[in-house]
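Taking it in order: structure first as structure tokens, then the write-up.
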There are 2 protein chains.
Amino acid sequence: MPVELRPLQALTLWHRVTLDLVREDGQDRAFDLSARQLAILLTIYLEPPPHTVRGLASKLRVTKPVITRALDTMGRLDLVARRRDDADRRNVVIQRTVKGALAVERLGDLIVAHASALPR
Amino acid sequence: MPVELRPLQALTLWHRVTLDLVREDGQDRAFDLSARQLAILLTIYLEPPPHTVRGLASKLRVTKPVITRALDTMGRLDLVARRRDDADRRNVVIQRTVKGALAVERLGDLIVAHASALPR
DNA sequence: GTCAATCGTTTCGGTTCCGTATTATTTCGG
DNA sequence: CCGAAATAATACGGAACCGAAACGATTGAC
């Protein structure tokens with residue numbers, strides 16, 4: 001079953017989820033992320049590894065420092081981790097964390113909940 | 001028909017739409033918005049007017065300067081407009097613009113397109 | 001062994017955003 | 001009237017982010 005969604009439903013869904021994210025920022029800062037940071041986080045947790053700075057920059061069409069800085073911030077929040085690649089020590093491999101996985105899972109549940117409560 | 005969406009589908013949808021928004025930033029800066037700004041924009045265009053600074057601050061649970069600054073930014077981008085309320089001149093009424101309506105409509109279409117292309 | 005290429009990080013100057021506190025304007029109760 | 005309350009905007013110091021450029025470490029071609 002392909003997901004059927006009309007424009008007003010789509011916008012309503014986006015609106016309600018975004019409102020929740022904005023509101024809950026404060027208690028749990030996991031989703032006080034910029035659009036870029038969120039795109040990076042979801043790429044890391046939804047696409048098959050390995051993920052590198054260069055690969056993420058290319059996929060998102062942003063410069064490498066943007067990725068580095070986003071990883072700094074999300075690393076501080078324990079949402080992702082970095083590790084040198086032993087095979088090629090120029091590379092940095094981005095790794096998932098328990099906290100990051102939980103945050104992504106929570107986002108998924110939040111979207112699902114709002115989707116099921118959407119007006120028809 | 002309530003919208004049925006499983007967690008992985010929901011996250012995939014969010015991921016793909018966010019990726020598009022991040023990528024297209026540059027040519028059209030309409031969606032180079034923070035989560036807060038997007039929440040404000042969608043509230044203005046999806047909920048019945050009138051909208052005031054105070055009302056938006058209360059709904060989003062943020063301080064008023066956050067709303068004022070967001071309106072400054074989005075006003076510069078022509079996504080919203082401000083007008084003094086003649087009935088009570090302390091109030092500022094936030095108005096929709098053609099450009100803002102088009103941007104919101106485009107976001108809706110983007111979400112719908114990605115939803116229909118979702119893996120089952 | 002050397003040197004160009006690659007990779008991630010850091011630096012730089014500038015811009016934007018934040019939260020708190022303060023301000024100017026307007027309304028309203030008495 | 002006049003002072004209290006309400007509203008939006010502004011001031012301020014600090015933090016985060018940006019793009020471009022420069023940098024150090026590592027690799028690989030020759």
Side-chain angles (χ1 to χ4, degrees), chain A residues 18 21-41 43-44 49-77 79-95, chain B residues 18 21-41 43-44 49-77 79-95:
Chain A
T18 305
L21 295 182
V22 167
R23 284 170 175 161
E24 85 179 355
D25 150 47
Q27 2 182 345
D28 187 339
R29 314 201 61 80
F31 280 120
D32 187 11
L33 300 178
S34 69
R36 288 176 169 187
Q37 289 169 339
L38 184 58
I40 294 171
L41 187 72
T43 299
I44 292 170
H51 298 286
T52 65
V53 173
R54 171 162 183 71
L56 291 172
S58 167
K59 173 171 278 288
L60 273 71
R61 298 180 199 160
V62 297
T63 60
K64 286 188 293 177
V66 167
I67 305 296
T68 294
R69 282 186 292 251
L71 293 179
D72 287 344
T73 300
M74 293 193 291
R76 250 178 272 131
L77 296 173
L79 298 175
V80 299
R82 275 187 273 210
R83 200 200 62 207
R84 278 281 161 192
D85 180 2
D86 286 327
D88 184 341
R89 299 191 48 74
R90 288 174 301 184
N91 291 334
V92 163
V93 178
I94 292 106
Q95 298 181 300
Chain B
T18 304
L21 294 182
V22 167
R23 284 170 176 159
E24 85 178 357
D25 152 46
Q27 3 180 344
D28 187 341
R29 315 200 59 80
F31 281 119
D32 186 13
L33 299 178
S34 70
R36 287 175 169 188
Q37 289 168 340
L38 184 58
I40 293 170
L41 187 72
T43 299
I44 292 169
H51 298 287
T52 65
V53 174
R54 171 161 182 74
L56 291 171
S58 167
K59 174 171 278 286
L60 273 71
R61 297 178 199 163
V62 297
T63 60
K64 287 189 291 178
V66 167
I67 305 295
T68 295
R69 282 186 295 250
L71 293 179
D72 288 343
T73 300
M74 294 193 290
R76 249 179 272 130
L77 295 173
L79 297 175
V80 299
R82 273 187 274 208
R83 200 200 61 206
R84 276 284 162 190
D85 180 1
D86 285 328
D88 184 340
R89 299 190 50 74
R90 289 174 301 183
N91 290 334
V92 163
V93 178
I94 292 106
Q95 297 180 300

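Proteins get letters first, then strands, A, B, ... in listed order; numbering begins at 1 in each. Below, each value reflects all heavy atoms present in this structure, side chains not excepted, and no hydrogens, waters or symmetry copies. Model, not experiment: these values are computed from the prediction.
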Under 4.0 Å: is that the gap between some side-chain N or O of [X] and OP1 or OP2 of [N]?
X       : N      : value
A:Thr73 : D:dC17 : yes
A:Arg36 : D:dC18 : yes
A:Gln37 : D:dC17 : yes

Say you draw a straight line from [atom1] of [X] to [atom2] of [Y]; how long is it, rounded to the nearest 0.5 Å?
X       : Y       : atom1 : atom2 : answer
B:Arg69 : B:Thr63 : CZ    : OG1   : 6.0 Å
A:Ile44 : A:Leu56 : CD1   : CG    : 5.5 Å
B:Leu71 : B:Leu41 : CG    : CG    : 10.0 Å

Measure from [atom1] on [X] to [atom2] on [N] and round the result to the nearest Å.
X       : N      : atom1 : atom2 : value
A:Arg84 : D:dA25 : CZ    : P     : 11 Å
B:Met74 : C:dC17 : CE    : C1'   : 14 Å
B:His51 : D:dT7  : NE2   : C1'   : 18 Å
A:Ile94 : C:dG8  : CD1   : P     : 7 Å
A:Leu60 : D:dG19 : CG    : P     : 12 Å
B:Arg54 : D:dA6  : CZ    : C1'   : 8 Å
A:Lys64 : C:dT11 : NZ    : P     : 16 Å
B:Leu77 : C:dT16 : CG    : P     : 11 Å

What verdict does the side-chain contact (heavy atoms from CB on, under 4.5 Å) test give for B:Val80 and B:Ile40, after you've listed the backbone C-alpha separation in whole Å, the side-chain angles of each residue and the deciding distance to 0.1 Å? CA-CA 10 Å; B:Val80 299; B:Ile40 293 170; over 6 Å; no

Just checking A:Ser34: base, sugar-phosphate only, or nothing, at a heavy-atom cut-off of under 4.0 Å? nothing

Show me the protein contacts with nucleotides 27-30 of chain D, counting only N or O atoms at under 3.5 Å.
| from | atom 1 | to | atom 2 | distance (Å) |
| --- | --- | --- | --- | --- |
| D:dT27 | OP1 | A:Arg89 | N | 3.2 |

Intermediate values then yes/no, side-chain contact (heavy atoms from CB on, under 4.5 Å), B:Ile67 and B:His51: CA-CA 11 Å; B:Ile67 305 295; B:His51 298 287; over 6 Å; no

5'-most by nearest nucleotide on DNA chain D - B:Thr52 or A:Val62: B:Thr52

Taking side chain to side chain donor-acceptor pair (under 3.5 Å) as the test, write out the residues that go with A:Arg90, two or more places apart. A:Asp88

Determine, stepwise, if the pair B:Lys64 / B:Thr52 fulfils side-chain contact (heavy atoms from CB on, under 4.5 Å). CA-CA 10 Å; B:Lys64 287 189 291 178; B:Thr52 65; over 6 Å; no

What nitrogen or oxygen pairs link the protein and nucleotides 10-13 of chain D at under 3.5 Å?
none

Checking B:Val92 against B:Arg84 for the side-chain contact (heavy atoms from CB on, under 4.5 Å) test, could you report, in this order, the C-alpha distance in whole Å, the side-chain angles of both residues, the deciding distance, and whether it holds? CA-CA 5 Å; B:Val92 163; B:Arg84 276 284 162 190; 3.8 Å; yes

Looking at B:Leu60 and A:Arg23, what are the two nearest heavy atoms and their distance? O-CG, 3.7 Å

